[in-house]
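Below is one structure, written out as structure tokens; the observations come after it.
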Protein chains: 2
Amino acid sequence: MATAKKQTRSRPETIARRREILRAATDIFGSKGSVNGTLTDIADQVGMTHAGILHHFGSKDLLLMEVLTYRDESDVDHLEEKHIPTGIEFFRHLVRTAFSNAQRAGLVQLYAVLSAESVTDDHAARDYFVDRYRNLRQEAIESFELLCAQREVEAPDTVAHAAAAILAVMDGLQIQWLLDPENLLLGEASEFAIEAIVSAVVNPQPSPLREPALETSAE
Amino acid sequence: MATAKKQTRSRPETIARRREILRAATDIFGSKGSVNGTLTDIADQVGMTHAGILHHFGSKDLLLMEVLTYRDESDVDHLEEKHIPTGIEFFRHLVRTAFSNAQRAGLVQLYAVLSAESVTDDHAARDYFVDRYRNLRQEAIESFELLCAQREVEAPDTVAHAAAAILAVMDGLQIQWLLDPENLLLGEASEFAIEAIVSAVVNPQPSPLREPALETSAE
DNA sequence: GAAAACTTACTGACAAGCCGGTAACCTTTC
DNA sequence: GAAAGGTTACCGGCTTGTCAGTAAGTTTTC
């Protein structure tokens with residue numbers, strides 16, 4: 001069953017054209033969601049018809065998946081980092097990303113909307129996001145473990161929670177920031193939260209929630 | 001211009017019928033999103049036609065808004081708490097909510113999907129979520145301030161970040177949990193994160209991210 | 001207290017619009 | 001001249017919302 005792809009070469013400018021479409025799709029899916037955003041919306045933005053888009057990408061779902069992987073690539077470029085670091089540098093990298101995201105509302109919105117959309121039944125990007133979070137959590141866990149080893153403390157069993165929490169807080173802050181940019185500093189709030197969580201792993205304090213409640217009358 | 005409404009009362013069972021519809025709508029909007037979930041889906045689930053739903057609620061958008069406010073009411077009932085507490089109890093309340101949410105995937109999904117959907121242009125529920133987050137952040141800020149006052153420390157200027165971060169981490173963990181329930185304990189992870197953030201406010205530690213990096217070779 | 005007058009709670013059919021996808025057909029470029 | 005890069009035209013399907021009509025319930029009237 002040789003899937004002998006004909007693989008006839010495309011014209012030189014078509015790569016640029018595809019990139020143009022991907023950028024437009026990022027825009028549209030970001031601002032309207034992947035369900036509400038239509039092929040015609042995207043086509044209008046690059047000055048062609050929706051059939052032209054389908055010629056390039058086959059179907060809407062395939063276009064969506066390419067948008068997601070395309071952003072992953074251009075994302076690493078953006079911060080001019082060769083590869084994602086580990087250890088303490090991983091968390092510094094997250095903080096830098098948060099500050100940088102405050103300048104890229106379109107991309108942030110794309111991911112915020114799509115990741116939430118993807119939890120719905122049979123969403124095209126569901127597998128993509130399941131994998132993405134698994135990988136990111138794993139990287140965070142490894143960074144925590146490295147961090148603990150460097151400090152010669154045993155990695156607590158909270159690292160799994162902390163890894164999920166760090167990603168969660170970044171996503172959640174993005175949504176609040178998108179809804180109400182005047183009332184939230186994305187970079188600063190992310191930095192604060194990341195520091196708090198890292199600190200709780202490497203330097204655990206007694207839980208303030210378990211203390212006996214201080215009476216207001218005890219003043 | 002007296003719009004003298006005759007206002008004959010609705011039939012006794014119609015209140016129960018509306019509630020039935022609201023519950024079905026919660027289900028459908030939760031599992032498919034408010035864009036993908038249709039009036040016919042909801043109608044099927046309660047055994048009527050989509051026109052019947054429109055008779056009760058006027059339009060899809062109005063139904064959506066009623067779903068959101070309906071859940072807010074039934075939510076307080078659920079935890080059997082008279083009103084939301086302040087101070088340390090506010091944060092304990094959030095932890096209880098997180099544990100309780102692990103039993104209510106449908107409702108969690110409704111909010112996760114809709115809050116992210118709402119950041120898209122002209123979404124019906126956008127104002128609802130902007131207000132909701134503003135109010136919740138305010139409650140969190142006041143609880144932090146009360147907490148600091150009780151400990152006779154000055155409330156740091158990080159409380160605003162912390163307030164946003166606590167809500168954010170709860171939302172973000174919900175999405176990861178919905179995508180991959182086997183790999184995430186919603187209650188435990190939320191508790192860990194909330195403790196970490198509260199601790200960072202009332203008992204700030206030096207930032208682990210600002211330390212001079214420990215060399216791995218210094219082992 | 002029963003008939004008349006009126007409402008409510010629907011149903012079924014349909015209008016209008018939009019969506020993704022396909023097919024057939026030009027046109028530009030290698 | 002053949003393939004790539006499009007366009008135009010169109011289809012089938014699905015969605016929200018409207019509307020007329022009907023059965024059942026409620027209120028009013030005598």
Side-chain angles (χ1 to χ4, degrees), chain A residues 4-25 28-29 31-67 114 117 120-125, chain B residues 3-25 27-29 31-67 114 117 120-125:
Chain A
K5 280 204 179 176
K6 265 291 182 61
Q7 198 54 299
T8 48
R9 240 203 335 285
S10 52
R11 289 178 208 162
E13 68 270 24
T14 171
I15 298 155
R17 204 92 178 87
R18 279 178 60 99
R19 222 197 303 262
E20 219 182 315
I21 295 170
L22 285 172
R23 227 170 301 152
I28 295 295
F29 288 154
S31 64
K32 303 182 131 189
S34 80
V35 184
N36 247 349
T38 70
L39 292 177
T40 309
D41 291 337
I42 298 162
D44 286 352
Q45 202 159 314
V46 295
M48 52 160 106
T49 62
H50 85 277
I53 308 265
L54 286 170
H55 168 73
H56 281 288
F57 293 93
S59 80
K60 192 189 182 183
D61 281 354
L62 287 171
L63 170 60
L64 174 60
M65 292 313 296
E66 280 216 48
V67 165
L114 290 188
E117 242 182 24
T120 59
D121 308 337
D122 300 323
H123 194 280
Chain B
T3 20
K5 279 204 177 175
K6 263 295 179 58
Q7 194 57 298
T8 51
R9 246 203 327 285
S10 55
R11 289 179 207 162
E13 69 270 23
T14 167
I15 297 156
R17 206 90 178 86
R18 279 177 60 99
R19 222 197 305 261
E20 219 182 316
I21 295 171
L22 285 171
R23 228 170 302 149
D27 233 58
I28 297 294
F29 289 155
S31 63
K32 304 183 131 191
S34 77
V35 184
N36 246 350
T38 70
L39 294 177
T40 309
D41 292 337
I42 298 162
D44 287 352
Q45 202 159 316
V46 296
M48 50 161 106
T49 62
H50 84 278
I53 308 263
L54 286 171
H55 166 74
H56 280 289
F57 293 93
S59 78
K60 192 187 182 184
D61 282 353
L62 286 171
L63 171 61
L64 174 59
M65 292 311 297
E66 279 217 48
V67 165
L114 290 188
E117 241 180 38
T120 58
D121 307 339
D122 301 322
H123 194 280

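So you know, we letter chains A, B, ... as the sequences are listed, proteins then strands, and number each from 1. Worth knowing before you read on, the calculation uses all heavy atoms, side chains too, and leaves out hydrogens, waters and symmetry mates.
Here B/Arg17 pairs with B/Glu20 under the side chain to side chain donor-acceptor pair (under 3.5 Å) rule; sequence neighbours left out.
Whole-Å rounding puts the B/Ile42 CD1 to D/dG17 C1' distance at 14 Å. When the P atom of D/dT16 is taken as reference, atom CG of B/Leu62 falls 14 Å away, rounded to whole Å. Computed from coordinates, the B/Asn36 CG to D/dT16 C1' distance equals 14 Å when rounded to whole Å. Atom-to-atom, CG of B/Leu39 to P of D/dG17 comes out at 7 Å; the value is rounded to the nearest Å. The distance from atom CG of B/Leu64 to atom C1' of D/dT16 is 14 Å, rounded to the nearest whole Å. For the pair B/Glu13 CD and D/dT26 C1', the interatomic distance rounds to 11 Å; values are reported in whole Å. Between the CG atom of A/Leu63 and the P atom of C/dC19 there is a distance of 15 Å, rounded to whole Å. One atom, NE2 of B/His50, and another, P of D/dT16, lie 7 Å apart when rounded to the nearest Å.
At the phosphate of C/dC10, OP1 or OP2 sits under 4.0 Å from a side-chain N or O atom of B/Arg17. Under 4.0 angstrom from either OP1 or OP2 of C/dG12 there lies no side-chain N or O belonging to B/Thr49.
Looking only at distances, no side-chain donor or acceptor of A/Thr120 sits under 3.5 Å from a matching main-chain atom of A/His123. With hydrogens and angles disregarded, no donor-acceptor distance shorter than 3.5 Å links the side chain of A/Glu117 to the backbone of A/Gly33.
For the pair A/Ile42/A/Phe29, a side-chain contact is recorded, criterion being any heavy-atom separation below 4.5 Å from C-beta on.
A salt bridge links A/Lys32 and A/Asp41; the closest N-O separation between the charged side-chain nitrogens and carboxylate oxygens is under 4.0 Å.
For the pair A/Leu64 and A/Ala124, the tightest heavy-atom approach, listed with the atom from each and the gap, is CD2-CB, 4.3 Å.
Nearest-nucleotide positions on DNA chain D place A/Ile21 closer to the 5' end than the other of B/Thr38 and A/Ile21.
How far CD1 of B/Ile53 is from OG of B/Ser59: 12.5 Å, rounded to the nearest 0.5 Å.
Proximity of residues 51-61 of chain A to DNA chain D (heavy atom under 4.0 angstrom from any strand atom) is restricted to A/Ala51, A/Gly52, A/His55, A/His56.
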